[in-house]
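So the structure is just underneath, and the comments pick up after that.
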Amino acid sequence: MNIIIALIIGILFASSIYLMLHQSFFRLILGIIIFGYATIFFLFVIGGVTENSPALLGGKLPSSISELADPLPQALTLTAIVISIGVQLFLIVLLKRVYSATGTDDLDELNVTDDLDKKLK
């Protein structure tokens, strides 16, 4: 089961990098979104999935520490979700602004020149 999960995470990371290396804005955004989900899935998996185990103690004390879920990967996962949403929104707004200024969604056609600087201002 662990090898299947490792393969799924590897496929998600590889497909996201493949999409980010394309010329289109849409594929770049899609690649960054998949990269964020792959990171979240990776953090979730390394945290260790424990069935029916609370992250915090209730009234009953566990007999061993292995019965508890580790709260650190859960906190890292929530942080990764918030950061990835912020990065995605920033990228979408930035690329929309570049598209409205240049009129193209091909990343290879964009050259950093004085004309582009004048269009963005």
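Taking all atoms of both residues into account, the shortest heavy-atom contact from Ile40 to Ser84 is CD1-OG, 4.1 Å. Considering all non-hydrogen atoms of both residues, Ser16 and Gly31 come closest at CB-O, 3.2 Å. Counting all heavy atoms, side chain and backbone alike, Leu12 lies closest to Ile34 at O-CG2, 3.6 Å. Across all their heavy atoms, Leu43 and Leu76 have their closest contact at CD1-O, 3.7 Å.
One finds the CZ atom of Phe13 at 10.5 Å from the CZ atom of Phe41 (value rounded to the nearest 0.5 Å).
The hydrophobic clustering, which links ILVMFWY residues whose side-chain heavy atoms are closer than 4.5 Å, places Ile4 and Phe42 together. Ile11 and Met20 fall into different hydrophobic clusters, where Ile, Leu, Val, Met, Phe, Trp and Tyr are joined by side-chain heavy atoms under 4.5 Å apart, directly or via other members. Residue Ile46 is grouped with residue Ile3 when hydrophobic side chains (ILVMFWY) are merged at heavy-atom distances under 4.5 angstrom, including chains of intermediate members.
Looking at residues two or more places apart in sequence or on another chain, you find no side-chain hydrogen bond (donor to acceptor under 3.5 Å, both in side chains) involving Thr79. Applying the side chain to side chain contact (heavy atoms under 4.5 Å, CB included) test to Ile85 and every residue at least two apart in sequence or in another chain returns Ile81, Leu89. The ring-ring contact (aromatic ring centres under 6.0 Å, His included) test applied to Phe26 returns no partner, not counting sequence neighbours. For Gln88, the side-chain hydrogen bond (donor to acceptor under 3.5 Å, both in side chains) criterion is met by no residue, not counting sequence neighbours. Residues satisfying the side chain to side chain contact (heavy atoms under 4.5 Å, CB included) criterion with Tyr99, sequence neighbours excluded, are Phe25, Asp105.
If you chain together ILVMFWY residues whose side-chain heavy atoms come under 4.5 Å of each other, Phe90 ends up grouped with Leu94.
Ring orientation note: the planes of Tyr18 and His22 are nearly perpendicular, at an angle over 60° on the 30°/60° scale.
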